[in-house]
Amino acid sequence: MSQTVDRALSILPLLAEGPADLGTVAERLGVHKSTALRLLRTLHDHGFVYRQSDQRYRLGARLIALAQEAMENLDVREIAHPHLVRLNEQCGHTVHLAVYEEDEVLYIDKVESRYPVRMYSRIGKPVAITVAAVAKLLLADLPEHERRAVAEKLDYPLYTARSTPHAEAFLKELAKVGEQGWASDLGGHEESINCVAAPVRGADGRVVAAMSVSAPNVVVTADELLTLLPLVRRTADAISGEYSGRTPVQHHPAKDTR
């Protein structure tokens, strides 16, 4: 039974490459045509494959609909939260998760710093879009024409001397962020606060969220915070893998808080 299931499931990525006839499917699976036909008929009956008029098979609409439904029901915050907590336990600083929705970048999760100096950010509150590291990552992933359209309609408040001054400077920064795969805000919003961020990607490689570590320079310098970048990127990659289904869920032992 398990071999039959394995063979049937092996047909799906094969057909994702494009339509294939019975002979091709049988050859790729290493089985007789009668076996391949039986598997294809079962998948066809469930709507997972479709037989075209030229007798070739392709992925069926039901499979595509199920994939879309699964994606819509994925909650990136729920998946990311345990990873954010572990990162906070490792570094001690404030950790944020943000998404881009309706022309705003919003914090959707936050784990507070263990240090007495706290940040005033709140879940559900828009970030300072022209300077925040998470915003740079989310906007850098937009198609070029959309990115430019967004940049040109934004205001550019000069929060500090390091704030982004205008659209062209912002677009240049977004291009750099897109190329390097991470972002920072070193005193661009508040002189005393620094931040490094990394992207969370879906199965298609697009950025679905961004996570960051932030700390005041009375606790850690900008250079010291930047040394955490590899850890931040590994955490973002772990969230991406779990969110996209590329890696199994890892269960970590609960901490003893006694």
Side-chain angles (χ1 to χ4, degrees), residues 1-83 86 97 99-100 137-138 140-147 175 177-182 198-211 230 232-252:
M1 176 63 76
S2 62
Q3 186 182 48
T4 301
V5 173
D6 183 66
R7 285 172 173 169
L9 292 176
S10 297
I11 292 173
L12 301 178
L14 189 162
L15 296 184
E17 299 171 11
D21 59 24
L22 177 60
T24 301
V25 173
E27 183 180 347
R28 291 282 292 273
L29 292 181
V31 299
H32 194 274
K33 282 186 179 181
S34 61
T35 301
L37 181 60
R38 188 168 64 250
L39 295 170
L40 285 163
R41 280 178 173 167
T42 300
L43 291 170
H44 183 274
D45 289 345
H46 287 276
F48 295 154
V49 306
Y50 177 78
R51 190 173 68 175
Q52 302 176 161
S53 57
D54 63 1
Q55 304 307 305
R56 292 189 302 164
Y57 293 84
R58 62 171 169 80
L59 293 180
R62 175 155 173 75
L63 181 65
I64 297 166
L66 283 173
Q68 182 64 37
E69 185 178 351
M71 288 301 297
E72 289 173 355
N73 288 330
L74 276 179
D75 184 346
V76 69
R77 181 186 179 277
E78 182 179 345
I79 290 169
H81 186 74
H83 297 273
R86 281 192 293 276
L97 183 71
V99 295
Y100 181 57
L137 282 165
L138 290 159
D141 193 59
L142 296 175
E144 197 278 333
H145 68 282
E146 191 174 340
R147 193 188 322 150
V177 165
E179 188 174 323
Q180 68 188 15
W182 58 276
V200 174
R201 299 181 184 275
D204 59 358
R206 301 300 302 272
V207 176
V208 296
M211 53 150 300
V232 174
R233 296 184 79 175
R234 284 197 299 273
T235 302
D237 288 346
I239 298 169
S240 299
E242 193 173 326
Y243 180 78
S244 65
R246 290 194 304 270
T247 55
V249 177
Q250 301 210 357
H251 296 285
H252 297 259

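Keep in mind that what you see is a predicted model, and the values were worked out from it rather than measured. Excluded from the calculations below are hydrogen atoms, water molecules and symmetry mates; all remaining heavy atoms, backbone and side chain alike, are included.
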All salt bridge (Lys or Arg N to Asp or Glu O under 4.0 Å) counterparts of [X], not counting sequence neighbours:
{"X": "Arg77", "answer": "Asp109"}
{"X": "Arg51", "answer": "none"}
{"X": "Glu144", "answer": "Arg148"}
{"X": "Glu17", "answer": "Arg28"}

- Message: Working note: Val232 + Met211, criterion side-chain contact (heavy atoms from CB on, under 4.5 Å); need CA distance, chi angles, decisive distance, verdict.
- Response: CA-CA 8 Å; Val232 174; Met211 53 150 300; 4.0 Å; yes
- Tell me, do Asp141 and Arg206 make a side-chain contact under 4.5 Å, heavy atoms counted? yes
- Message: Are Tyr100 and Leu142 packed together at the side-chain level, in the sense that at least one heavy-atom pair is separated by less than 4.5 angstrom?
- Response: yes
Nearest heavy-atom neighbours spanning [X] and [Y]:
{"X": "Ser244", "Y": "Gly202", "result": "CB-C, 3.7 Å"}
{"X": "Ala209", "Y": "Leu97", "result": "CB-CD1, 4.0 Å"}
{"X": "Arg201", "Y": "Val207", "result": "NH1-CG2, 3.5 Å"}
{"X": "Val177", "Y": "Trp182", "result": "CG1-O, 3.6 Å"}
{"X": "Tyr243", "Y": "Val76", "result": "CE1-CB, 3.8 Å"}
{"X": "Ala236", "Y": "Pro199", "result": "CB-O, 3.3 Å"}

Do other residues, nucleotides or ligands put more than 12 heavy atoms under 6.0 Å from [X] [atom1]?
{"X": "Arg58", "atom1": "CZ", "value": "yes"}
{"X": "Glu78", "atom1": "CD", "value": "no"}
{"X": "Glu179", "atom1": "CD", "value": "no"}

- Message: Quick one: does any side-chain atom of Arg233 pair with a main-chain N or O of Ala198 as donor and acceptor, under 3.5 Å?
- Response: no
- Message: The test is side chain to side chain donor-acceptor pair (under 3.5 Å); show your working for Asp237 and Ser240 and say whether it passes.
- Response: CA-CA 5 Å; Asp237 288 346; Ser240 299; 5.0 Å; no
Contacts under 3.5 angstrom, residues 37-49 side chains, donor-acceptor by atom type, not counting sequence neighbours:
| residue | atom | partner | partner atom | Å |
| --- | --- | --- | --- | --- |
| Thr42 | OG1 | Arg38 | O | 3.1 |

Show me the donor-acceptor pairs within less than 3.5 Å that the side chains of residues 7-14 make with the rest of the protein, sequence neighbours left out.
| residue | atom | partner | partner atom | Å |
| --- | --- | --- | --- | --- |
| Ser10 | OG | Asp6 | O | 2.8 |

